[in-house]
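One structure below.
Keep in mind that the numbers below use all heavy atoms, side chains included, and drop hydrogens, waters and symmetry copies. By convention in this document, chain letters (A, B, ...) are assigned in the order of the sequence lines, proteins followed by strands, and residues within each chain are numbered from 1.
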2 protein chains.
Amino acid sequence: MVTASRPLRADAARNRDKLLAAATELFAERGLDVPLEHIARRAEVSIGTLYKHFPTRDDFVASIFPQRLAALDVIGEKALAEQDPWQAFAGYLEDLYALQAEDRGLNDVLTRALPDAPQVVAACHRGAGHAEVLIGRALAAGVLRADYSIADLATLTRAMAQVIRDSPDQWRRFLSIYAEGLRA
Amino acid sequence: MVTASRPLRADAARNRDKLLAAATELFAERGLDVPLEHIARRAEVSIGTLYKHFPTRDDFVASIFPQRLAALDVIGEKALAEQDPWQAFAGYLEDLYALQAEDRGLNDVLTRALPDAPQVVAACHRGAGHAEVLIGRALAAGVLRADYSIADLATLTRAMAQVIRDSPDQWRRFLSIYAEGLRA
DNA sequence: CGTTAAGTCGAGGGTGACCTCAACTTTTGT
DNA sequence: ACAAAAGTTGAGGTCACCCTCGACTTAACG
């Protein structure tokens with residue numbers, strides 16, 4: 001079912017872009033819960049227009065985060081390229097949380113129940129896939145505590161989300177302490 | 001300035017107790033943000049009566065948490081009585097977060113900006129005092145990483161608050177991993 | 001140009017939380 | 001028993017957010 005609807009009218013395309021830009025900024029600054037009215041205001045567009053283009057909050061998420069989540073793949077590939085299994089895993093964590101720290105919206109996406117946007121879900125699954133390989137390698141090399149699993153990483157991610165929110169200058173230290181506890 | 005106001009009328013005292021009971025339950029179940037209307041409803045009292053007795057949310061907190069926070073002193077004393085410095089510190093953490101896990105309201109109190117209730121603030125300071133001694137002892141014994149400080153414990157507490165909320169059955173595991181990273 | 005489909009606008013209705021206050025009810029003290 | 005003081009009540013005002021819809025505006029195309 002190809003949705004080959006007529007292209008947007010010029011003014012509509014412009015407004016859509018302004019909305020997307022505003023939402024991108026505000027999600028990053030304030031998180032996913034920012035009031036939609038704020039987005040409309042920053043885009044200099046009426047609330048009605050916002051709803052025309054993006055009927056639900058998830059429509060914004062679905063339009064914004066797939067490309068943002070591409071960064072997940074980048075750091076995943078980077079980590080897979082690293083030979084030392086511990087360095088690969090630890091570096092991945094560092095990079096992952098650096099991303100979260102930069103973008104409050106990403107922090108929310110990775111923490112809360114996923115929005116029902118297939119592309120977002122897919123990107124997260126790919127990310128989890130990378131993590132699983134990295135954990136597997138580190139386990140095989142005997143450098144990671146033997147009972148570590150992807151579920152622990154999910155827990156850590158939520159914990160880090162909180163730490164990043166509360167004390168953006170402390171998360172690296174917190175992570176490094178935790179990571180010490182991880183070595184075999 | 002002694003506020004020797006006349007004692008409460010019988011019905012008023014009864015309502016005050018019902019409100020306190022309801023608030024205690026709901027804070028523990030749902031956290032500090034529970035709507036005041038819910039408290040009134042559970043107490044079977046009108047919203048106006050609630051505001052008569054407790055004009056602000058902090059008035060509830062101030063009436064409820066000092067005794068709840070006495071538990072902090074108990075686990076603090078218990079830890080100070082333990083001879084092995086590592087065991088004392090690690091046991092304290094375990095006990096502290098067990099308290100948090102039992103009571104969503106306590107979790108909130110320990111995590112968020114403190115309510116401006118002097119008794120609550122005082123209890124938290126006493127708790128921090130205990131922790132400071134325990135950290136000092138462990139450092140002196142060389143069993144705790146040399147740069148650990150009370151600020152790290154504050155960070156950990158916020159992280160644990162999140163972990164407890166998201167995965168109440170995982171926090172012990174998470175804590176034990178972190179604690180591994182703490183040993184000297 | 002003029003028609004018209006597409007798009008924009010914002011007032012306004014809905015919800016849930018906060019808080020107040022004037023009218024009513026109950027306790028208390030004499 | 002009664003008056004005054006104390007307490008209770010809930011309707012309703014405020015606010016912030018959600019979302020809709022009918023009247024207006026404008027780009028697109030012949």
Length of the line joining [X]:[atom1] and [N]:[atom2], which is rounded to integer Å:
| X | N | atom1 | atom2 | result |
| --- | --- | --- | --- | --- |
| B:Arg9 | D:dG7 | CZ | P | 6 Å |
| B:Tyr51 | D:dG10 | OH | C1' | 14 Å |
| A:Glu37 | C:dG14 | CD | C1' | 13 Å |
| B:Arg41 | D:dG10 | CZ | P | 12 Å |
| B:Asp58 | C:dC18 | CG | P | 13 Å |
| B:Leu36 | C:dG16 | CG | C1' | 13 Å |
| B:Glu44 | D:dT9 | CD | P | 10 Å |
| A:Asp33 | D:dA16 | CG | C1' | 14 Å |

Does A:Arg57 reach the main-chain N or O of A:Val34 with its side chain, forming a donor-acceptor pair under 3.5 Å? yes
What's the closest nucleotide to the A:Lys52 side chain, out of D:dC18, C:dT8, C:dA5? C:dT8
Closest to side chain of A:Val45, choosing from C:dC9, C:dG7, D:dG7: C:dC9
Would you mind classifying the nucleic acid contact of B:Arg57 as base, sugar-phosphate or nothing, using non-hydrogen atoms under 4.0 angstrom? sugar-phosphate
Below 4.0 Å: OP1/OP2 of C:dC9 and any side-chain N or O of A:Thr49: yes
Under 4.0 Å between a side-chain N or O of B:His53 and OP1 or OP2 of D:dT8? yes
Do B:Asp59 and B:Ser63 have a side chain donor and acceptor closer than 3.5 Å? no
Are B:Leu8 and B:Leu50 connected in a single hydrophobic cluster, I mean Ile/Leu/Val/Met/Phe/Trp/Tyr linked by side-chain heavy atoms less than 4.5 Å apart? no
Of B:Arg14 and B:Ile47, the one whose nearest nucleotide on DNA chain C sits closer to the 5' end is B:Ile47
Starting at the 5' end of DNA chain C and moving along, which residue's nearest nucleotide shows up first, B:His38 or B:Leu8? B:His38
Do the side chains of B:Arg104 and B:Glu29 get close enough for a salt bridge, i.e. N-O under 4.0 angstrom? no
So that I know where these two stand, are B:Tyr178 and A:Phe174 an aromatic pair - ring centroids less than 6.0 Å apart? yes
